[in-house]
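Step one of this worksheet: look at the structure below.
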Amino acid sequence: MAVSPLLIGMPEMRHSSLVVVANRLPIDDSAAPDGACEWRRSPGGLVSALHPLLRHTPATWVGWAGGTGAAPTLPDVDGVRLRAVPLTAEDQRDHYEGFANSTLWPLYHDAVEQPEHHRRWWEAYQRVNRRFAEAAADVAEPGAVVWVQDYHLHLVPGLLRGMRPDLRIGFFLHVPFPPPELFMQLPRRAELLRGMLGADLIGFQRVQAAHNFAQLVAKVLNLPATDRRIGVGERVVRIGAFPVSIDTAEMAALAARPDVAARAQRLRQDLGRPERVILSVDRMDYTKGIEQRLKAYSELLASGHVKVRDTVLVQVAVPSRERVGQYQILRERVEREVGRINGEFGRVGEPAIHYLTQPFDRAELAALYRVADVMAVTPLRDGMNLVAKEYVAARVDDTGALLLSEFAGTAAELSQAYLVNPHDLEGLKEGLLAALRAAPADVSRRMRAMRAHLHEHDIRAWARSYLSALDETGPLVQRMVAATDALPTQPARSAARVEHHPGG
């Protein structure tokens, strides 16, 4: 096996029977108060989903550490071994910011922004995917399970199968998979499909995504395909929907802590004790519908249906992909609109919108969930959206209204939410008013139903269903499935500081 020059000279690592391969390692580096560099767990959407399972299963996580140049040697995090894949500045620009997030991301999200196509981006995507595959092949013991994650690494399953045919390979796509008419725009569509078909099991968030994939494989590659199985030579690749979830019990226990409840009370007081608090927690991304939400709220203020003294909107918008031009422009537009709304409708000491861009630790986030009478989750397109599920899990008193986009994957499960089409401004306004004015009995009935669903379909159920489908008879998978049943129901305490970066 030819090895990338960037991997030569890296320290040898113990082999693992479970290897997770993802674009980022489950850590984030930042400066400590004394200026020193500190490593800590960084729970975005993917890490939040996998971490409760992995800390109870010996595993290696292969991913990028976030910088450029030589890969650092990292300590274990919560028992998970870390293997950093080095990226150059060119790799980061052309693979991550380029093909992954300026070609695939907008295309997979209904082309809300126009995808860009550049040959050098595709060359970088191939180069980086090979480097990830080589690192995974290096740390996987014979017959290991390798679980590849998301759109940054479509080619890894196929490359890995060529290097290590002994492995059991799973691939899971956390974002939407587009309909054929959109995917067909990709100049390298066949190569991406073949890369994914290197897996034994391909998981999607929704049934429609699996259907889209099967249609494309039949059309582009002329392979026999159904919505459950695809024939690839002598192999059968299975596909299906496995909606990702959260550690429901952990979030509920965190929200029920006395200090979190007291913090929620102080937050409401700091907000001026309004009758209603609306909360949105997003990454700064054009798929999240932030601008549409602000416009709807502005028009409700202008019409007098919502008054600043009675109702306040808290918009958390954590910056992401700030080197990508589309995201820089979006942030400028959002901040300009927030300023306009506060200037037109706010009063001294009473802003119409409390706009926050810093990440929050999980306790603070749970307090925000508890103080919010309405949680507005209205993306234009989202693979799942775990923030909506976290809000439901945190409402331990069965109160709180969830306003949810029909185009979030979560809507297929949390059908008792107040569902809206975020592209329909009038419908969005009507949905927001309905959630604000709903009778307490109706709110409680809806929330109880959603909480019951999450109790049955939490992180344990997701891991169990996917891993069982990956290998129903393998002893490793049996141990991993058993481990999910032993996950704690109380929030794990850690000396490391933890920040929450909304995933999605």
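In what follows, every heavy atom counts, from backbone to side chain, and hydrogens, waters and symmetry copies are set aside.
Partners of Q114 under the side chain to side chain contact (heavy atoms under 4.5 Å, CB included) rule, at least two apart in sequence or in another chain, do not exist in this structure. Residues meeting the side chain to side chain contact (heavy atoms under 4.5 Å, CB included) test with E299, sequence neighbours left out: K295, L425, E426, K429. With sequence neighbours excluded, the residues satisfying side-chain hydrogen bond (donor to acceptor under 3.5 Å, both in side chains) with Y355 are E335. Qualifying side-chain hydrogen bond (donor to acceptor under 3.5 Å, both in side chains) partners for N342, counting only residues two or more places apart in sequence or in other chains: none. Every side chain to side chain contact (heavy atoms under 4.5 Å, CB included) that R206 has, sequence neighbours left out, goes to R381, A412. Scored by the side chain to side chain contact (heavy atoms under 4.5 Å, CB included) test, D270 finds R263 as partners (sequence neighbours excluded). S280 pairs by the side-chain hydrogen bond (donor to acceptor under 3.5 Å, both in side chains) definition with R293, not counting sequence neighbours. With sequence neighbours left out, the side-chain hydrogen bond (donor to acceptor under 3.5 Å, both in side chains) criterion links D398 to R451. Residues forming a ring-ring contact (aromatic ring centres under 6.0 Å, His included) with F171 (at least two apart in sequence, or on another chain): H154.
A 4.5 Å side-chain heavy-atom check between I202 and F213 finds at least one atom pair inside the cut-off. Looking only at side-chain heavy atoms (C-beta outward), L454 and S245 come within less than 4.5 Å of each other. For the pair V334/M284, a side-chain contact is recorded, criterion being any heavy-atom separation below 4.5 Å from C-beta on. Residues T287 and W105 have side chains in contact (heavy-atom distance under 4.5 Å, counting atoms from C-beta outward). Considering only heavy atoms from C-beta on, P179 comes within 4.5 Å of N212 through its side chain. The shortest distance between side-chain heavy atoms of E413 and M384 falls below 4.5 Å. Taking the side chain as every heavy atom from C-beta outward, L294 and I353 approach each other to under 4.5 Å. Residues H109 and Y286 form no side-chain contact, since every pair of their non-hydrogen atoms from C-beta on lies 4.5 Å or further apart.
The aromatic rings of H152 and Y96 sit parallel, their planes meeting at an angle under 30°, below the 60° perpendicular limit.
Using a cut-off of 4.0 Å between Lys/Arg side-chain N and Asp/Glu carboxylate O, R24 and D150 are scored as not salt-bridged.
If you look at Y108 and F177, their ring centroids are closer than 6.0 Å.
Remark: side-chain polar atoms of D259 are not paired, donor with acceptor, to backbone N or O of A262 under 3.5 angstrom. Looking at T410, its side chain does come within 3.5 Å of a backbone N or O of N385 through a donor-acceptor pair. At distances below 3.5 Å, not a single donor-acceptor pair connects side-chain atoms of T60 with backbone N or O atoms of L82.
Residue pairs that meet the ring pair (Phe, Tyr, Trp, His ring centres under 6.0 Å) test with at least one member in residues 249-274, sequence neighbours left out, do not exist here. Within the structure, salt bridge (charged side-chain N to carboxylate O under 4.0 Å, His left out) contacts touching residues 307-316 (residues at least two apart or in different chains) are R309-E350. Residue pairs meeting the ring pair (Phe, Tyr, Trp, His ring centres under 6.0 Å) criterion with at least one member in residues 384-409, sequence neighbours excluded: F407-H423.
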Worksheet item: What do the steps show when you test M251 against K389 for side-chain contact (heavy atoms from CB on, under 4.5 Å), and what is the final call?
Response: CA-CA 10 Å; M251 176 53 74; K389 292 188 174 185; over 6 Å; no

Practice prompt. In sequence, state the C-alpha distance, the side-chain angles, and the governing distance for D373 and R268, and then conclude on side-chain contact (heavy atoms from CB on, under 4.5 Å).
Written response: CA-CA 11 Å; D373 302 287; R268 185 172 284 274; 2.8 Å; yes

Item to complete: Decide yes or no on side-chain contact (heavy atoms from CB on, under 4.5 Å) for K288 and D382, but give the supporting numbers first.
Response: CA-CA 8 Å; K288 300 300 182 182; D382 228 337; 3.0 Å; yes

Practice prompt. Begin with the C-alpha distance, continue with both residues' side-chain angles, and end with the deciding distance and a verdict on side-chain contact (heavy atoms from CB on, under 4.5 Å) for R362 and E390.
Written response: CA-CA 10 Å; R362 289 186 63 75; E390 288 183 342; 3.4 Å; yes

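Screening L356, I278, V371 against V314 for a side chain to side chain contact (heavy atoms under 4.5 Å, CB included) leaves a single residue, L356. Of the residues W147, F204, F242, W462, the one that meets the ring-ring contact (aromatic ring centres under 6.0 Å, His included) test with F172 is W462.
The distance from atom CG of N421 to atom CD of E430, rounded to the nearest 0.5 Å, is 11.5 Å. Between the OH atom of Y151 and the CG atom of L104 there is a distance of 8.0 Å, given to the nearest 0.5 Å.
In this structure, R340 places its CZ atom where more than 12 heavy-atom neighbours from other residues, nucleotides or ligands lie under 6.0 Å away.
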